[in-house]
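Before any comments, here is the structure.
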Amino acid sequence: MNSFLLTFLYFLAAIAVVLVGLVIFELLTRKYKDWEEIKGNNTAVALSIAGKIIGTCVILTFSILHNDTILETVVWGLFGLLLQFIAYFLFELLTPRFSVEVQLKERNTAVGIISFAVSVGLAFVIGASIT
């Protein structure tokens, strides 16, 4: 297949996986609406969402490098998203002194930065494990 066409198809697949992830994360967030908060200049939520986008793309990068087909890349990308969702719940669970969602809604930039780091950091671990 033509390299330009293949690149374009991987690009479309990546956009699809990222959009699926963003929609699901929006549904998982119960205390606020991501895009309303971003529109309202909530930097903490923006950092959290940015981490999820970058994290998903990191996973997809590793998947592209280690798989032969776009379908395999998408499957691994979706599996990586599942693991990111689990990380999201674990992050909330492992911070019993406060609710991550509430802190993000209240514009706590420090929590936004940690959320960003959790998403991106774990994406490298998830991505590196793709074979």
Side-chain angles (χ1 to χ4, degrees):
M1 183 179 296
N2 178 308
S3 295
F4 292 105
L5 177 59
L6 191 58
T7 298
F8 184 68
L9 293 175
Y10 275 111
F11 170 76
L12 292 177
I15 289 173
V17 171
V18 168
L19 287 176
V20 165
L22 290 175
V23 167
I24 293 172
F25 274 117
E26 178 79 22
L27 295 171
L28 294 175
T29 307
R30 291 166 268 124
K31 300 191 185 329
Y32 60 85
K33 295 296 176 198
D34 296 329
W35 299 104
E36 288 177 19
E37 291 296 320
I38 291 169
K39 183 179 177 187
N41 200 28
N42 185 332
T43 304
V45 170
L47 282 164
S48 181
I49 295 300
K52 290 168 178 62
I53 293 168
I54 293 169
T56 302
C57 289
V58 165
I59 292 167
L60 287 166
T61 299
F62 280 97
S63 183
I64 291 167
L65 292 172
H66 294 287
N67 290 292
D68 295 326
T69 68
I70 294 172
L71 180 60
E72 288 175 326
T73 295
V74 169
V75 168
W76 277 104
L78 293 173
F79 181 66
L81 273 178
L82 174 65
L83 295 177
Q84 288 278 36
F85 300 144
I86 291 169
Y88 172 81
F89 287 117
L90 286 174
F91 183 38
E92 185 74 51
L93 183 70
L94 295 174
T95 54
R97 293 180 184 231
F98 62 86
S99 165
V100 172
E101 276 192 43
V102 169
Q103 292 300 308
L104 290 172
K105 180 170 178 42
E106 293 178 357
R107 301 174 179 268
N108 185 332
T109 305
V111 173
I113 292 168
I114 296 301
S115 178
F116 178 93
V118 167
S119 293
V120 173
L122 287 176
F124 279 104
V125 173
I126 295 164
S129 69
I130 293 173
T131 56

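Atom set for the values below is all heavy atoms of this structure, side chains included, hydrogens, waters and symmetry mates excluded. Numbering starts at 1 and runs along the sequence shown.
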**Q.** Phe116: ring-ring contact (aromatic ring centres under 6.0 Å, His included) partners, not counting sequence neighbours
**A.** none
Inter-residue atom distance [X].[atom1] - [Y].[atom2], 0.5 Å rounding:
| X | Y | atom1 | atom2 | result |
| --- | --- | --- | --- | --- |
| Leu82 | Ile86 | CG | CD1 | 4.5 Å |
| Ile126 | Ser63 | CD1 | OG | 12.0 Å |
| Leu47 | Ile38 | CG | CD1 | 9.5 Å |

(Q) Which residues end up grouped with Val75 if you chain together Ile, Leu, Val, Met, Phe, Trp and Tyr wherever their side-chain heavy atoms are less than 4.5 Å apart? (A) Leu71
Q: Mind listing the closest non-hydrogen atom pair of Asn41 and Arg107 along with its distance?
A: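 That closest heavy-atom pairing would be O-NH1, 2.9 Å.
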**Q.** Minimum heavy-atom distance between Lys31 and Ser99, given as atom pair plus value
**A.** CE-OG, 3.8 Å
Q. So, Asn67 side chain and Thr69 main chain: donor-acceptor pair closer than 3.5 Å or not?
A. no
Side chain to side chain donor-acceptor pair (under 3.5 Å) partners for [X], two or more places apart:
| X | value |
| --- | --- |
| Thr73 | none |
| Gln103 | Asn108 |
| Tyr88 | Glu101 |

Could you pull out every donor-acceptor pair under 3.5 Å between side chains of residues 50-57 and any protein atom, sequence neighbours left out?
from: Lys52; atom 1: NZ; to: Ser48; atom 2: OG; distance (Å): 2.8
from: Thr56; atom 1: OG1; to: Lys52; atom 2: O; distance (Å): 2.8

ILVMFWY network linking [X] to [Y], side-chain heavy atoms under 4.5 angstrom:
| X | Y | result |
| --- | --- | --- |
| Tyr32 | Val102 | no |
| Val58 | Phe79 | yes |
| Ile130 | Val125 | no |

**Q.** Those residues that, when tested against Thr95, pass side chain to side chain contact (heavy atoms under 4.5 Å, CB included) (two or more places apart)
**A.** Phe91, Phe98, Val100
(Q) As a quick check of understanding, evaluate side-chain contact (heavy atoms from CB on, under 4.5 Å) for Leu81 and Leu78, giving each step before the final call. (A) CA-CA 5 Å; Leu81 273 178; Leu78 293 173; 4.0 Å; yes
Q: Sorted by first residue and then second, give each ring-ring contact (aromatic ring centres under 6.0 Å, His included) pair with at least one member in residues 35-70; sequence neighbours left out.
A: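 Every candidate ring-ring contact (aromatic ring centres under 6.0 Å, His included) pair involving residues 35-70 fails, so no pair, neighbours aside, qualifies.
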Donor-acceptor contacts under 3.5 Å from residues 3-14 side chains, at least two apart:
from: Thr7; atom 1: OG1; to: Ser3; atom 2: O; distance (Å): 2.9

Using residues 23-30 as the side-chain source, report each donor-acceptor pair under 3.5 Å to any protein atom, sequence neighbours left out, with the distance given to one decimal.
from: Glu26; atom 1: OE1; to: Asp34; atom 2: N; distance (Å): 3.1
from: Glu26; atom 1: OE2; to: Asp34; atom 2: N; distance (Å): 3.3
from: Thr29; atom 1: OG1; to: Phe25; atom 2: O; distance (Å): 2.8

Q: Run the numbers on Ile59 and Gln84 for side-chain contact (heavy atoms from CB on, under 4.5 Å), then give the verdict.
A: CA-CA 10 Å; Ile59 292 167; Gln84 288 278 36; 3.9 Å; yes
**Q.** Positive for side chain to side chain contact (heavy atoms under 4.5 Å, CB included) with Val18, one of Val20, Ile15, Leu22
**A.** Leu22
